[in-house]
Protein chains: 2
Amino acid sequence: MDRSTPASRGAVVDAACQLFADRGYHGTSMKDIAEALGVRAPSLYNHVASKQEILFAIMDKAMERALAALEEALAGVEDVSEQLRRATESLVLDFLRFPAEVTVCNTEVRSLEAANRLAIVAKRDHYAARVRQIIEQGCRSGRFSTRTPQIAAFAVLEMGNSAKSWFRPSGRYPDTYVASEYGEFALRVVG
Amino acid sequence: MDRSTPASRGAVVDAACQLFADRGYHGTSMKDIAEALGVRAPSLYNHVASKQEILFAIMDKAMERALAALEEALAGVEDVSEQLRRATESLVLDFLRFPAEVTVCNTEVRSLEAANRLAIVAKRDHYAARVRQIIEQGCRSGRFSTRTPQIAAFAVLEMGNSAKSWFRPSGRYPDTYVASEYGEFALRVVG
DNA sequence: ACGGTACTAATGAACGTTCATTAGTGCTCC
DNA sequence: GGAGCACTAATGAACGTTCATTAGTACCGT
């Protein structure tokens with residue numbers, strides 16, 4: 001990291017995010033984060049109050065962004081099939097564009113202190129509930145055919161995770177193409 | 001843990017597995033593992049050489065079991081649709097029956113030392129390749145219809161992960177029922 | 001039946017290292 | 001001259017691990 005400009009809170013959070021994604025929260029030290037910024041560990045405390053605060057900031061920002069993207073993707077869409085397609089595409093696009101943030105959200109909930117965990121889990125559950133509602137509504141109206149809408153919802157949500165494990169921005173498919181593929185998969189899962 | 005019987009290597013590995021799944025490798029201390037067994041930390045070294053060795057033992061055992069289950073599930077099955085269904089069911093059943101082991105395999109590859117990581121990743125890749133081959137063969141023979149067999153393979157493999165995040169043995173569906181649902185999902189994904 | 005021996009498994013103490021964090025100090029730019 | 005930001009130095013706590021030692025148990029030849 002460039003040392004010509006002073007480190008900012010945002011730079012600390014971003015550097016930490018990449019490291020937490022690669023090595024985990026407990027596998028990353030404040031010294032590691034500082035080194036990524038070309039600075040000594042105690043200097044980080046000029047920008048953040050604690051290591052735990054960094055973790056919470058990463059996850060809260062990521063959840064807010066994902067929720068906003070979902071709402072935007074669904075705005076004004078009436079057809080339930082189109083809703084599921086767009087929700088899935090929004091989800092996968094978020095995974096592909098912010099893989100580090102998403103990885104941290106997926107793996108470090110357990111490293112949050114109790115109060116922070118409650119806040120993040122609530123947002124995550126809200127996201128999952130939104131997708132489940134779509135599938136349940138589709139089942140009620142007969143557009144979808146699944147014996148187990150809840151299980152299908154979990155499957156669709158999880159499916160997208162696979163994308164970020166192999167996707168490379170320089171690869172053969174653009175992110176929007178990959179997202180549309182997963183949108184198709186989601187519609188197939190619900191029949 | 002019962003202190004009437006002495007701790008064995010297997011007991012150490014099992015206790016560590018649960019803790020690693022809950023708190024992560026770096027989030028679990030040797031003292032934590034020892035306490036779960038009703039013993040002091042140094043006593044663990046009568047049974048294992050190092051903390052890292054415990055992690056490797058957990059993951060290697062889990063991978064071997066999963067690979068064996070896959071081979072058994074596919075033995076003698078010719079039809080490619082039936083192959084995919086059985087592979088998925090085998091995968092999901094493994095997830096549901098050994099959630100802690102699977103969680104460790106999914107999240108702690110990064111905590112393995114280089115040599116150990118190579119060994120585990122090779123087995124994981126072998127598993128994934130087996131499933132991908134089935135889907136690719138199905139596409140070639142026209143039984144499946146997917147533009148992107150590789151992506152579909154990743155989606156199917158990942159999908160199963162969701163099962164263990166909500167499944168409870170005491171819940172309303174038996175594990176075999178859940179597994180068969182995911183088998184159905186997999187077939188739908190490939191068309 | 002008995003003493004000797006080897007083995008297993010546990011212990012407290014201590015090792016050196018790393019951890020997150022605090023205190024205090026100085027430079028630099030407005 | 002004051003705010004912002006980095007520094008060095010130092011803190012207590014926790015980490016994985018090693019060590020010498022002890023208690024209990026099982027097998028052995030006699």
Side-chain angles (χ1 to χ4, degrees), chain A residues 1-59 104 107-108 110-117, chain B residues 1-59 104 107-108 110-117:
Chain A
M1 178 63 75
D2 196 0
R3 256 319 323 285
S4 59
T5 56
S8 67
R9 181 186 161 89
V12 171
V13 171
D14 287 347
C17 181
Q18 194 60 56
L19 288 166
F20 289 171
D22 291 343
R23 315 179 192 176
Y25 177 73
H26 290 296
T28 304
S29 68
M30 293 297 273
K31 193 181 171 204
D32 292 334
I33 301 169
E35 271 172 11
L37 295 163
V39 140
R40 309 287 167 138
S43 303
L44 299 178
Y45 291 87
N46 288 318
H47 308 285
V48 297
S50 68
K51 189 186 179 187
Q52 174 74 198
E53 192 198 72
I54 300 176
L55 179 61
F56 181 73
I58 293 167
M59 298 181 74
V104 173
T107 60
E108 297 299 343
R110 64 189 173 196
S111 301
L112 286 166
E113 288 167 5
N116 291 338
R117 185 161 53 239
Chain B
M1 178 61 72
D2 195 0
R3 255 322 319 287
S4 58
T5 57
S8 67
R9 180 186 163 92
V12 172
V13 171
D14 288 347
C17 181
Q18 194 61 56
L19 288 166
F20 288 171
D22 291 344
R23 316 178 192 175
Y25 178 72
H26 291 295
T28 304
S29 69
M30 292 297 273
K31 194 182 171 206
D32 292 334
I33 301 169
E35 270 172 13
L37 295 164
V39 141
R40 312 289 165 140
S43 304
L44 299 177
Y45 291 87
N46 287 319
H47 309 285
V48 298
S50 68
K51 190 186 178 189
Q52 174 73 199
E53 192 198 72
I54 300 175
L55 180 60
F56 181 73
I58 293 168
M59 298 180 75
V104 173
T107 60
E108 298 299 344
R110 63 187 174 198
S111 301
L112 287 167
E113 287 167 4
N116 290 338
R117 184 160 54 239

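Every chain is numbered from 1, with letters handed out A, B, ... down the list of sequences. Because the structure is a prediction, the values reported are computed rather than measured.
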request  = Identify, with sequence neighbours excluded, every residue that meets side chain to side chain donor-acceptor pair (under 3.5 Å) alongside B:Asp32.
outcome  = B:Arg23, B:Ser29

Spacing between A:Glu113 atom CD and C:dA20 atom C1', to the nearest angstrom = 12 Å

Between P of C:dA10 and NZ of B:Lys31, the distance in whole Å = 18 Å

task = Look at B:His47 and C:dT8 and indicate whether a side-chain polar atom (N or O) is within less than 4.0 Å of OP1 or OP2.
result = no

query = Please give, in whole Å, the distance from D:dG4 C1' to A:Leu44 CG?
reply = 15 Å

ask   = Separation of A:Ile33 atom CD1 from C:dC19 atom P, in whole Å?
value = 11 Å

query = Heavy-atom distance under 4.5 Å between the side chains of B:Ile33 and B:Phe20, does that happen here?
reply = yes

message = If the condition is side chain to side chain donor-acceptor pair (under 3.5 Å), which residues does A:Thr28 pass it with, not counting sequence neighbours?
response = none

ask   = Please give, in whole Å, the distance from D:dG16 C1' to B:Arg40 CZ?
value = 17 Å

key: N or O in side chain of B:Ser43 less than 4.0 angstrom from C:dT11 OP1/OP2   = yes

message = Can you build the contact string for nucleotides 21-30 of chain C? Use B for base contact, S for sugar-phosphate-only contact, and - for no protein heavy atom under 4.0 Å.
response = BB--------

task = Using the test side chain to side chain contact (heavy atoms under 4.5 Å, CB included), find all partners of B:Gln18 that sit at least two apart in sequence or belong to another chain.
result = B:Asp22, B:Ala100

note = Across all chains, not counting sequence neighbours, the side chain to side chain contact (heavy atoms under 4.5 Å, CB included) partners of A:Asp14 are A:Lys61

message = My understanding is that only residues two or more places apart in sequence, or in another chain, count here; which of them pass side chain to side chain donor-acceptor pair (under 3.5 Å) with A:Ser50?
response = none

key: Between P of D:dG16 and CG of B:Asp32, the distance in whole Å   = 8 Å

note = Of the listed C:dG12, C:dC19, D:dC7, the closest approach to the A:Ser29 side chain comes from C:dC19

key: Length of the CG-C1' vector between A:Leu37 and D:dC5, whole Å   = 13 Å

